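First the structure, in the form of structure tokens, and then the observations on it.
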Amino acid sequence: MNFIRAEEPRETIDLMQPVREQMALIKAHKLPATWLLQYDALVEGPYVEFLKKEMPIDHETGIWFEMNRRICDDAGIAWRGNPKWEWDYHVPVAYAIGYTPEERRRLADTAVATYKRVFGRDLKSLASWNLDAVTIAHLSDHYFMDAFGNCRDQLATDGFTIWGAPIAGYYPNRKNAWSPALEEKNQISTPMFRLLGQDPVYYYDKKFPYPDTVEPVWPSGRSEVFIDRFLQMIDESPTQAFAYAQFGQENSFGWAEMQEAYPMQMEKLSRARTGGQVSIETMGESGRRFKQRFKSTPTQAQVMLEDPFGEKAVPERTVWYQSKYHRANLHFRGEQFYLRDLHVYNDQFPQPYLEEPVRKHGIEQRMLAALDGYHWSDDEVRSGRPGKRAMGRFAVVGANGEESFPGMAGLPKISEGSTSLDADVPLSGGGSLRVSFRDRDITFTLVEMPVRSELTLLLEWAPDRAALRSVASNRLNYSFRDFDYAVEVANGNAVKLADGVRIVSNGRGALRLIMAP
């Protein structure tokens, strides 16, 4: 999927050359493609004429839904961007959340009507770096869209943070475009796909000063090792019901920045299609297949057991699991292993700026965390130095009462059922820890350990940054943005500590965290 802008006020750049070069490469490999036009490219410049002339039958067009002067004028909304610019990238101007709900619906209606006038058919695919529930509910309910695309999780990129949303694809709820619907009555009927293909290992801790995605303008996207291992993860590793990534590049980077890696990526995509189980298809086709197969958000996984950049000294690996109730991440750094992320979802939790428009550049859009390995760590860790890292560590208490923190002795073994994912981690002291991710809960079990061995889960963080408010023996109570939520504990006893929670197995079965409300 490539998207097209007709204006770039920040620098002088040839915006047509990337479109021509991308089209030539995609056609040479006989790949389908989606071309999303920002409103300016829909009504000015050579883009529409070029696409009508050059697109093969298996390509599609759609809308890149960022605001500019032209769409605001046509919708009868005052332009609030830089008066010298036709397009302004700042959050309150470029994205729908900068406008009132009534204005968002007018802007959406204007985009749909103009698209139909220009292309002579109904709009079915639409994406943006920052879509909201008001806009997508209106588009889905009135125009029966096939697919939406929204930004991947990111930290303070382009003036906004997104954190805790699903890893691949989901049906959003009507109060929060970043959160999957739990109940059918709250579900928007068009699926949402997270844009780009994101490194599942390093992005979380913001190790690199650039976005580590498959975008060919970044070092990650230019790395053949990364692209190979990313595609291998989708093709060969356990993925549950659904695995997905979006390849492509926006034209406003210019062809010089993408000409090294774009051809390489198209070659690898072409080989992946012919050599494995990967399907290369348009955004709209992905949406139609998703709707045909899934009536609600399915379970998903990303399993990367090789370092995505080939690091040898202290390689990192990771396992992500996603359901409509929660997402979870088990991370491996060298011989160390720990829970890095736990987020839960709730249909009643509204996204920021659902009703009130944003008026500043530099915002956060975070979901409901039970463990946030980035935001709940201290400044030392977030700067890449030793400090208080937010994590879930595992301890084993022997029959003699001594507590130890085993390391990982070899690679974990991952297996999956229809909606479950098991990670068996071999322990340095013998035996293993089995972490079982299921749609509503996570269980932790010691396997082949001495009799009367007990498991302890320590959830640790910088206390002034966590959302934890109180602890009962069987319940962890949180509050974020004045919204209360909880995680329940079964077969264990929880105790609040100064810097987190200690949960000790009671020996009556697998220690269990219940993530569904």
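All heavy atoms count here, side chains included; hydrogens, waters and symmetry mates do not. Not measured: the values here are computed from a predicted model.
- Using modelled atom types, one finds a donor on one side chain and an acceptor on the other under 3.5 Å when comparing Asp341 with Tyr204.
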Would you check, one step at a time, whether the test side-chain contact (heavy atoms from CB on, under 4.5 Å) holds for Glu364 with His375? CA-CA 11 Å; Glu364 286 193 330; His375 289 98; 3.9 Å; yes
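- Ring centroids of Phe3 and Trp129 are separated by less than 6.0 Å, placing the two rings close together.
- Taking the ring centroids of Phe65 and Tyr95, they lie at or beyond the 6.0 Å cut-off.
- For Tyr325 and Tyr345, the ring centers sit 6.0 Å or farther from each other.
- At a threshold of 4.5 Å between non-hydrogen side-chain atoms, the residues Cys151 and Asn130 do not count as touching.
- Neither side chain, Ser377 nor Arg382, offers a donor N or O lying under 3.5 Å from an acceptor on the other.
- The shortest heavy-atom contact between Pro166 and Trp178 is CD-O, 3.2 Å.
- Judged by distance alone, the side chains of Thr419 and Asp439 never bring a donor and an acceptor atom under 3.5 Å apart.
- Between Phe226 and Phe230, the ring planes lie tilted relative to each other; the angle falls in the 30° to 60° range.
- At a cut-off of 3.5 Å, with distance as the only test, a side-chain donor of Trp87 or Glu66 sits close to an acceptor on the other residue.
- Under the 3.5 Å distance criterion, with hydrogens and angles disregarded, no donor-acceptor pair is assigned to the side chains of Gln322 and Arg327.
- Using modelled atom types, one finds no donor on one side chain facing an acceptor on the other under 3.5 Å when comparing Thr34 with Ser125.
- Counted by atom type alone, Arg20 and Gln22 present zero donor-acceptor pairs between their side chains at under 3.5 Å.
- Aromatic ring centroids of Tyr321 and His326 lie under 6.0 Å apart.
- Tyr338 has its ring centre no less than 6.0 Å from the ring centre of Phe332.
- Remark: the Gln198 side chain and the Thr213 side chain contain no N/O donor-acceptor pair separated by less than 3.5 Å.
- Judged by the 6.0 Å distance and 45° axis criteria, Arg10 is positioned over the aromatic ring of Tyr89.
- Annotation: side chain of Gln265 is not in contact with side chain of Pro263 (no heavy-atom distance under 4.5 Å).
- The aromatic rings of His361 and His90 sit perpendicular to each other, their planes meeting at more than 60°, with 30° as the lower class boundary.
- Heavy-atom minimum distance, Pro298 versus Ala241: CB-CB, 3.8 Å.
- Using a 3.5 Å distance cut-off with no hydrogens or angles, the side chains of Gln300 and Thr239 do not pair a donor with an acceptor.
- A donor-acceptor contact closer than 3.5 angstrom links the side chains of Trp163 and Asp372.
- Proximity of the aromatic rings of Phe349 and Tyr485 is defined here by a centroid distance below 6.0 angstrom, and this criterion is not met.
- Within the 4.5 Å cutoff, the side chain of Asn150 has no heavy atoms near those of the Phe193 side chain.
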Mind running side-chain contact (heavy atoms from CB on, under 4.5 Å) on Arg317 and Asp307 for me, showing each step along the way? CA-CA 6 Å; Arg317 307 170 171 93; Asp307 188 285; 5.7 Å; no
